[in-house]
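Worksheet for the structure shown next.
The residues of the chain are indexed from 1 along the displayed sequence.
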Amino acid sequence: MKKSISLLLIIILVIGLSACSMNPPEWAKPGKHKELKDMKIGLSISTLDNPFFVSLKNGVIQEAASKGIKVITVDAQNDTEKQMNDIEDLIQQGVDMLLINPTDSAAISSAVQSANHIGIPVITLDRSADKGKVETLVASDNITGGKMAANFIINKVGKHANVVELQGTPGASAARERGQGFHEIADKKLDVIAKQTANFDRTQGLNVMENLLQGHKDIQAVFAQNDEMALGAIEAIKSSGRDIVVVGFDGTDDGIKAVKEGRLSATVAQQPVLIGKQAVIAASKVLQGKKVKSRIAVPLKLIQ
């Protein structure tokens with residue numbers, strides 16, 4: 001009986017220690033009376049292999065430097081588990097604020113809730129978190145952007161044109177919202193004959209587009225939910241010798257260059273540097289005890 005009680009106590013102790021694993025040591029807990037110049041922000045990016053997110057990171061660093069705020073950046077490499085571990089490390093380093101660009105909007109929720117529990121405020125960039133308290137989401141209006149892409153295709157190739165859609169990472173709010181906006185128009189005025197994920201990746205965009213071209217001989221237009229997939233798609237289309245309208249999303253340097261050269265039909269351009277800067281401006285307000293809007297929208301523009 002004594003052995004059973006001892007074993008039960010050990011189990012309770014282990015569970016208790018596990019529950020506290022996200023808590024920083026006392027010296028690293030966020031301070032309540034620091035000057036802004038003494039603050040430290042943790043920035044978790046979904047992937048730095050994508051030029052869009054590199055620009056977003058640069059915007060954060062530029063604005064933080066102007067305010068004397070230190071930034072610690074970690075790259076999740078599109079790995080949800082790594083992002084969770086990265087955020088735990090940032091908390092252990094005593095960051096005063098977390099800026100998170102989620103790999104997966106649902107999966108990141110537990111990390112946001114853990115930060116909430118120990119009083120570290122969270123701001124999300126470009127993609128939202130499904131659960132947990134977020135001070136604000138700084139992002140473009142992805143739904144409107146999806147509509148802009150659909151309307152451009154209608155104007156370019158006409159109503160009821162045969163269109164395929166290259167979708168972003170499943171679970172990412174940006175992919176859901178861009179798709180939602182696109183289909184609000186396309187399902188009524190275009191014929192979407194195929195849709196497939198290419199995970200916001202250029203190489204996957206090329207491979208998926210090659211397969212779609214083999215399976216569908218009547219494609220007139222492509223909506224790619226980011227420029228990386230669009231750039232992969234146009235390489236596949238070029239090799240096929242076919243003439244197909246392609247619309248991307250993000251307005252990366254490579255995407256805009258491709259539009260200017262006539263290789264890409266258009267891109268719905270975000271302003272990633274501005275997203276990063278606006279996130280830091282909002283973070284500085286929160287760290288000073290000020291209120292911010294629940295969503296900060298950064299304007300879009302169609303480049304064609």
Shortest non-hydrogen separation from A129 to S109 and the atoms involved: C-OG, 4.3 Å
From OG (S173) to CD (Q180), nearest 0.5 Å: 11.5 Å
Expected output: side-chain S140 to main-chain L300 donor-acceptor under 3.5 Å: no
Side-chain donor/acceptor of N199 to backbone N/O of G168, under 3.5 Å: no
Pairwise distance OG(S239) to CD(E210) - rounded to 0.5 angstrom: 6.5 Å
Pair Q92-E88, side-chain donor/acceptor within less than 3.5 Å: no
Atom NZ of K156 with >12 non-hydrogen neighbours under 6.0 angstrom: no
Basic-acidic side-chain contact under 4.0 Å: K70, D38: no
Heavy-atom check, side chain of Q304 versus side chain of S265, under 4.5 Å: no
Side-chain H-bond candidate by donor/acceptor type, D104 with T80, under 3.5 Å: no
Flag side-chain contact, heavy atom, 4.5 Å: E63 against I281: yes
Spacing of OG1 belonging to T124 relative to CD1 belonging to I100, to within rounding of 0.5 Å: 8.0 Å
Which atom of Q113 lies closest to which atom of G132, heavy atoms considered: CG-CA, 3.7 Å
Distance-only donor-acceptor check, side chains E165 and Q225, under 3.5 Å: yes
Within-4.5 Å side-chain heavy-atom neighbours: V192 and F182: yes
K67, NZ atom: more than 12 neighbouring heavy atoms under 6.0 Å: yes
Q93 backbone acceptor or donor facing K40 side chain under 3.5 Å: yes
Nearest-0.5 Å distance, CD1 of residue I296 to CD1 of residue I275: 11.0 Å
A221 to I153 - nearest heavy-atom pair and separation: CB-CG2, 3.7 Å
Heavy-atom neighbours of E81 CD exceed 12 at 6.0 Å: no
Residues in salt bridge (charged side-chain N to carboxylate O under 4.0 Å, His left out) contact with D89, at least two apart in sequence or another chain: none
Side-chain (D75) to main-chain (L48) donor-acceptor, under 3.5 angstrom: yes
Heavy atoms from other residues, nucleotides or ligands near CG of D243 exceed 12 (cutoff 6.0 Å): no
Minimal non-hydrogen separation, L98 against A115, with atom names: CD1-CB, 3.8 Å
Results of salt bridge (charged side-chain N to carboxylate O under 4.0 Å, His left out) for D250 - residues two or more places apart only: R178
Distance, nearest 0.5 Å, that separates CE of M39 from CD1 of I69: 8.0 Å
Modelled atom types, side-chain donor and acceptor of Q77 and T47, under 3.5 Å: no
Check: F249 main-chain N/O paired with N226 side-chain donor or acceptor under 3.5 Å: no
Check: N162 main-chain N/O paired with Q220 side-chain donor or acceptor under 3.5 Å: yes
Shared-cluster residues of I244, by chain and number - hydrophobic side chains joined below 4.5 Å: V164, L166, I193, F200, V208, M209, L212, L213, I219, V222, M229, L231, I234, I237, V246, I256, V259, L264, I303
Separation of I61 CD1 from I41 CD1 (nearest 0.5 Å): 11.0 Å
Salt bridge present between K257 and D253 (N-O < 4.0 angstrom): no
Test item: K301 side-chain N/O and Q271 main-chain N/O as donor-acceptor pair under 3.5 Å: no
Sidechain-backbone polar pair: D191 side chain, A161 backbone, donor-acceptor under 3.5 Å: no
Q196/Q167 under side chain to side chain contact (heavy atoms under 4.5 Å, CB included): CA gap, chis, key distance, verdict: CA-CA 6 Å; Q196 190 171 335; Q167 300 171 314; 5.6 Å; no
For the student: nearest non-hydrogen atoms of K147 and G181, plus distance: CG-O, 3.2 Å
Backbone N/O of K217 and side chain of R242: donor-acceptor pair under 3.5 Å: yes
Ion pair R202/E228, N-O distance below 4.0 Å: yes
Flag, side chain of Q83 to backbone of T103, donor-acceptor distance under 3.5 Å: yes
Beyond-backbone contact of I108 with I87, side-chain heavy atoms, under 4.5 angstrom: yes
D130-S105 side chain donor-acceptor pair, cut-off 3.5 Å: no
